[in-house]
Amino acid sequence: MTALRLRDRLDDRRRQVNDDAPLLEGRWVLEQPARQNGHTELAGGDLLVDDGAPRLRLGTVDSGFRRPRMPDDDRSDYQLALDAIAAIKNRTDLTTGRWPSPLLPAELGRQCEPNRLDALLDEVFERGHLDAIAIRPRLSMRYETELLPVDRARRLDTGFQRHLAAHSECWAARTLSGVVPKTVLARISDDDADIYEHRVYARLLDHLERYLQGRIGKLSSIAARYQEGLEFNNSEDVDWQLRRDICAVWGEAVSAGEAGELLKQNREQLDHLACLLKRIRALKGRRIKGFNGSSLYQAIPRGAQIGLSLVPTNLLQHDAHYRQLRRLWDAWLAATAAERERPVQVLARRRADEDRYERYIGLLLLRVLRALDFQVSWSGEASARAACDRWGDAASLENCDHTWIIGMDGHRLVLVPSAAPVDANAAAEWTTRTLDEGREIRVPSLLHAPERTDSPSPPEHLVAGHPALQLYPLDLYAQEKAHALVAAWLWQRRLAGYGEVFPQLPTPVADAWPEIAPAPRDGHALCRPVSDADWQRLSEVLEQHARPQLRDRIANRKTQLDRLAQCPESDCSRRASTFEPQPSGFFAQCDCGCRWELRDSHFRLARIDRELQGFVTLGHRWLYVPVISD
């Protein structure tokens, strides 16, 4: 049997399935059908994701996945991001133009509303059921046998006579009528808290504590996002145009007034949940009255576990306090059902997560193309054409092999989305790759990635070896990052061939060539926009003395210069007030404050009216892009 082969989505590398090294989730796709862990049939081209099982079995071959270690705060953010892309996907239809905001939707903010378990906890605490169990539990009587002096023995063991006859050291004296005992085997009684119902109580407190910690973490993350949005709306360090753009995108998801109200509700619920958590923890130390100063929780061994399905004992069914344990247990089971999914369910859910994130990246790209003045027309469910009249750009957009591909002039920008969680070690392997001699750039985009203090700007992700770009709905800059990335790649295409030198021109064409300084030493080039009169004269000469191919090449360079002389700012339609060629490119500036230049094989876009320059303050209006000649 031929070994199963996998293909790496980042660099098209192939490998066979084996047990040599664990697989990085989200990187590999199957090249042929297989059955995963005996429960799900996968087709060729399907993405390999983890089903939570200890091992990965594909057909008859064993392998495994690398499991990241995520802190609790990161886990809360990651789960919230998954919930957000699920809510966004429900409102999205890429082919019909239903492109909602890619930021945290308002319905996620309403998760602060109490659920069944929250309401039941309030009821149980209000009526004092858990406090009653903690203070006055139903204790069992435990009898133990112990050797005691006669004067201390209250109840004799049934076998005390046999023991006394066999142990002369327990005699005080021996008489004609018998033995006078010194010590006897007696039974002593003691209260025993370690019964089944109290094991349910102790483990329930553990489960409720973990549940409340997770819920507090999730609501804290939601509150932090709304707080960030409200503060950003009033930020003075950010350029007003960037603040306007991001607030417009955020406003599609939630208005400022609604965000303020949701933030207030979240904080109120957080305070309430924190109070519940404090009471749960207090119960663990609450002392039993008249029970050696110990607490009921501490009296139960930590290793004493119980099954998920409770035994219907008399106490759990009929006691007014203890039957609340069963109600709370059932509510906790329902609230945390996703944590106990079977492998087949885990696989289905994680495949759905990958599909949703893939759609989310498509949504970002379509919104970015619209912001860049592209008109998008779909020719099918997975391919579209995009055209921008302002720049003369004609591009294609395709969803293929779990990636999104933007193509133009034989070049491709490929975004490789992955919703799998990663830690620092795994994130280091998600880096930009270039294929086809640099004509294809593959940029990984992750739903979750460890926080970095030295995060590069989006255009830097176009350079091979740079880390993955995190695009997720909890980030106010999510669309702006995608915008800057695509815009930087488009500028690479628009600048390709600038300053092309025509070494051998017909003499009449050379004589009619516009005077441009500095002129190339070994020929002629168009390095600045040509006046209408100069172009009219040159066109007439080209028509008479140049071949059609040469005429088209020169006309393309003239058109390129006309477009480069336009202000890149979408709100401005003016031509550059200054456009000066330089030995390694050009320098241009507009009266609106926009400045753009090509120097030393790098394109720079910035604003002259901002002291602080950078992506955080200017967004896509600040670019630093390497330009590679074709």
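For the numbers below, each heavy atom of this structure counts, side chains included, while hydrogens, waters and symmetry mates do not.
- Applying the side chain to side chain donor-acceptor pair (under 3.5 Å) criterion to Gln544, with sequence neighbours excluded, gives no partner residue.
- Scored by the side chain to side chain donor-acceptor pair (under 3.5 Å) test, Ser379 finds Ser383 as partners (sequence neighbours excluded).
- In this structure, Arg604 is not positioned above the aromatic face of Trp596 in the sense of NZ or CZ being under 6.0 Å from the six-membered ring centre and within 45° of the axis.
- The main-chain N or O of Ala419 is found under 3.5 Å from a side-chain atom of Tyr78 such that the two form a donor-acceptor pair.
- For Phe615 and Tyr477, the ring centers are positioned less than 6.0 Å apart.
- Taking both residues in full, the closest heavy atoms of Asn233 and Arg243 are given as O-CD, 3.6 Å, listed atom of the first, atom of the second, then distance.
- Arg442 pairs in a salt bridge (charged side-chain N to carboxylate O under 4.0 Å, His left out) with only one of the listed residues (Asp11, Asp12, Asp8), which is Asp12.
- The pair Glu597-Arg599 meets the salt-bridge criterion, with a side-chain N (NZ, NE, NH1 or NH2) lying under 4.0 Å from an Asp/Glu carboxylate O.
- At distances below 3.5 Å, at least one donor-acceptor pair connects side-chain atoms of Ser577 with backbone N or O atoms of Gln589.
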Are Ile246 and Val249 close enough, and set up right, to give a side chain to side chain contact (heavy atoms under 4.5 Å, CB included), and what steps lead you there? CA-CA 5 Å; Ile246 291 181; Val249 176; 5.7 Å; no
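- Between Arg537 and Ser539, the side chains place no donor N or O within less than 3.5 Å of an acceptor N or O (distance only, hydrogens not considered).
- Within the 4.5 Å cutoff, the side chain of Ile441 has no heavy atoms near those of the Arg412 side chain.
- When all heavy atoms of Leu47 and Gly26 are compared, the closest pair comes out as CD1-O, 3.5 Å.
- Arg14 has a carboxylate O that lies under 4.0 Å from a charged side-chain N of Glu31, or vice versa, which qualifies the two as a salt bridge.
- Inspection of the His448 and Gln470 side chains reveals no N or O donor paired with an N or O acceptor under 3.5 Å.
- Defined by atom type and a distance below 3.5 Å, a donor-acceptor pair is present between the side-chain atoms of Arg367 and Gln479.
- Residues Phe587 and Arg595 meet the side-chain proximity criterion, which asks for heavy atoms closer than 4.5 Å.
- For Phe603 and Trp491, the ring centers are positioned less than 6.0 Å apart.
- Checked options Lys89, Arg350, His402; the residue passing with Asp355 is Lys89 (criterion: side-chain contact (heavy atoms from CB on, under 4.5 Å)).
- Salt-bridge formation is detected for the pair Asp245/Arg621: a Lys NZ or Arg NE/NH1/NH2 atom is positioned less than 4.0 Å from an Asp or Glu carboxylate oxygen.
- For Glu540, the side-chain contact (heavy atoms from CB on, under 4.5 Å) criterion is met by Gln536, not counting sequence neighbours.
- Counting heavy atoms from C-beta on, the side chains of Arg13 and Arg27 come closer than 4.5 Å.
- Between Val414 and Val443 there is no side-chain heavy-atom pair separated by less than 4.5 Å.
- Of the N and O atoms on the side chains of Thr95 and Asp93, at least one donor lies less than 3.5 Å from an acceptor on the other residue.
- Looking at Arg359 and Asn399, their side chains do bring a donor and an acceptor atom within 3.5 Å of each other.
- Between Ser235 and Val238, the shortest heavy-atom contact is OG-CG2, 3.5 Å.
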Go through Leu618 and Leu242 one step at a time and tell me if the side chain to side chain contact (heavy atoms under 4.5 Å, CB included) criterion holds. CA-CA 6 Å; Leu618 293 174; Leu242 175 61; 5.6 Å; no
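- Of the possible polar contacts, one joining the Asn556 side chain to the Asp552 backbone as a donor-acceptor pair under 3.5 Å is found.
- Glu569 places a side-chain N or O within 3.5 Å of a backbone atom of Asp571 that can act as its donor or acceptor partner.
- Side-chain atoms of Gln560 and Arg557 include a donor-acceptor pair closer than 3.5 Å.
- Within a 6.0 Å radius of CG in Asp511, more than 12 heavy atoms belonging to other residues, nucleotides or ligands are found.
- Under the 3.5 Å distance criterion, the side-chain polar atoms of Ser221 are left unmatched by any main-chain donor or acceptor of Gly217.
- In this structure, the side chain of Tyr360 engages the main chain of Pro102 through a donor-acceptor pair within 3.5 Å.
- His602 places a side-chain N or O within donor-acceptor distance of the main-chain N or O of Asp600, the cut-off being under 3.5 Å.
- Looking at Arg494, its side chain never comes within 3.5 Å of a backbone N or O of Gly392 through a donor-acceptor pair.
- You'll find the side chain of Gln492 reaches within 4.5 Å of the side chain of Leu462, heavy atoms only.
- Remark: the backbone N or O of His461 is paired with a side-chain donor or acceptor of Thr432 at under 3.5 angstrom.
- When the side chain to side chain donor-acceptor pair (under 3.5 Å) test is applied to Thr559, no partner is found at least two apart in sequence or on another chain.
- With no hydrogens or angles considered, no side-chain donor-acceptor pair links Asp239 and Thr617 at under 3.5 Å.
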Test side chain to side chain contact (heavy atoms under 4.5 Å, CB included) applied to Trp430 and Ser445, step by step: CA-CA 9 Å; Trp430 287 96; Ser445 59; over 6 Å; no
With side chain to side chain contact (heavy atoms under 4.5 Å, CB included) as the criterion, how do Trp404 and Glu358 come out once you've worked through the C-alpha distance, each side chain's angles and the decisive distance to 0.1 Å? CA-CA 8 Å; Trp404 283 95; Glu358 191 177 316; 3.9 Å; yes
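- Residue pairs meeting the ring pair (Phe, Tyr, Trp, His ring centres under 6.0 Å) criterion with at least one partner in residues 546-580, sequence neighbours excluded, are Phe579-Phe586.
- Taking Thr434 as the reference, nothing meets the side chain to side chain donor-acceptor pair (under 3.5 Å) condition, with sequence neighbours excluded.
- Here the side chain of Trp99 pairs a donor or acceptor atom with the backbone of Leu94 at under 3.5 angstrom.
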As a quick check of understanding, evaluate side-chain hydrogen bond (donor to acceptor under 3.5 Å, both in side chains) for His411 and Glu440, giving each step before the final call. CA-CA 6 Å; His411 290 255; Glu440 180 173 305; over 6 Å; no
